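Note that the coordinates shown come from a computational prediction; the quantities given were computed from them, not determined experimentally. Both ligands and their constituent atoms are indexed starting at 1 by order of listing.
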Amino acid sequence: MGNKVIINGGKTIVKVRNINIGGDNPPVFIAGPCSVESREQILKAAVTLKEIGVDILRGGVFKPRTSPHDFQGLGIQGLEYLKEAGEAAGLPIITELMDEKHLKIVAEYVDIIQIGSRNMYNYSLLKAVGRLNMPILLKRGMSATINEWIQAIEYITLNGNENIILCERGIRSFDNYTRNTLDLAAVPIMHKETGLPIIVDPSHGTGIKELVKPMSKAALACGANGLMIEVHPNPKQALCDGDQSLTFTEYREIREEI
Ligand code: PEP
Ligand code: MN
């Protein structure tokens, strides 16, 4: 079992357009709604977040919802809206890929492909993105050990793609006060074990909007290379993850304090 994968001598820098992620580069700020809900919503988010100082726009279009009755995302139409919004604001974009059948179009539209927590164990999907030559954001499985996460990375690297950004997004624990337990020790651990850049998602990591700011600061204090935070023009009306989503004003506060 190869439990240690040191890539590029432990100093991987992932390039997304003119942004360098990892190493001694400044932290990268990824933000946007959980889901793309409409053209207006994502355009508004893109333009406002750009003005606040975000580097990369996020927005889910294929949503891995626990309940099949919940909003599943706008699919390809959402991808079109996300691309238009990114272009309007001059921001690179990231979205989650759930199914290999959408790989080609997602790779064509976005700057970074996100592999979500639920798909960290989807080895055929990992192999497929491993055959691409573009940045992949690999989230930690919600019950994944460090070693399982490292082996998921290897499914990508062994197929040729070393443009990997890791994302700690919290793991399941006995405590359900928070949605997940944000494992910040994973940040220095993964730096040491892989040399890959790692960002933190305090939104899914806690599920509570009030915790996003303190956990963002803690993440950067322990060396995270960036933050991915859910921000919505109107969190109370969000179709997904409204409780953990920040308003623009709340996000601006974090961005300015950091
Ligand atoms: C997301 O970032 O939109 C998401 C679904 O996160 P996770 O895969 O970490 O649950
Ligand atoms: Mn979400």
contact_flag Met142 ligand 1 heavy-atom lt 4.0 Å:
no
Looking at ligand 1, would Arg58 count as a contact under a 4.0 Å heavy-atom criterion?
yes
Return a yes/no value for Asp201: is any of its N or O atoms, backbone included, closer than 3.5 angstrom to an N or O of ligand 1?
no
Determine which of the N, O or S atoms in [X] is closest to the Mn ion (ligand 2) and give its atom name.
X      : result
Asp241 : OD2
His204 : NE2
Glu230 : OE2

Show your working on salt bridge (charged side-chain N to carboxylate O under 4.0 Å, His left out) between Glu51 and Arg252 and close with a plain yes or no.
CA-CA 10 Å; Glu51 185 260 315; Arg252 187 189 296 274; 3.0 Å; yes
Modelled atom types, side-chain donor and acceptor of Glu148 and Tyr121, under 3.5 Å:
yes
Side-chain donor-acceptor pair present, Glu80, Tyr109, cut-off under 3.5 Å:
yes
Any atoms of ligand 1 less than 4.0 Å from a non-hydrogen atom of [X]? List them with their elements.
X      : value
Gly116 : 8 (O)
Arg169 : 7 (P), 9 (O), 10 (O)
Glu96  : 5 (C)

Could you check if a side-chain atom of Leu138 sits within less than 4.5 angstrom of a side-chain atom of Val129, using non-hydrogen atoms only?
no
Please identify which of these residues, His232, Glu230, Lys209, meets the side chain to side chain donor-acceptor pair (under 3.5 Å) condition with Gln244.
Glu230
Counting non-hydrogen protein atoms only, what is the nearest one to [atom]? Give residue, atom name and distance.
atom                   : result
atom 4 (C) of ligand 1 : His204 NE2, 3.6 Å
atom 8 (O) of ligand 1 : Ser117 N, 2.8 Å
atom 6 (O) of ligand 1 : Lys139 NZ, 2.9 Å

Determine, for Asp183 against Arg140, whether the closest basic-nitrogen to carboxylate-oxygen distance falls under 4.0 angstrom.
yes
Do you reckon Met215 sits in the same ILVMFWY cluster as Ile30, going by side-chain contacts under 4.5 Å, direct or chained?
no
Shortest non-hydrogen pair, Lys63 vs Met98, comes out as O-CE, 3.8 Å
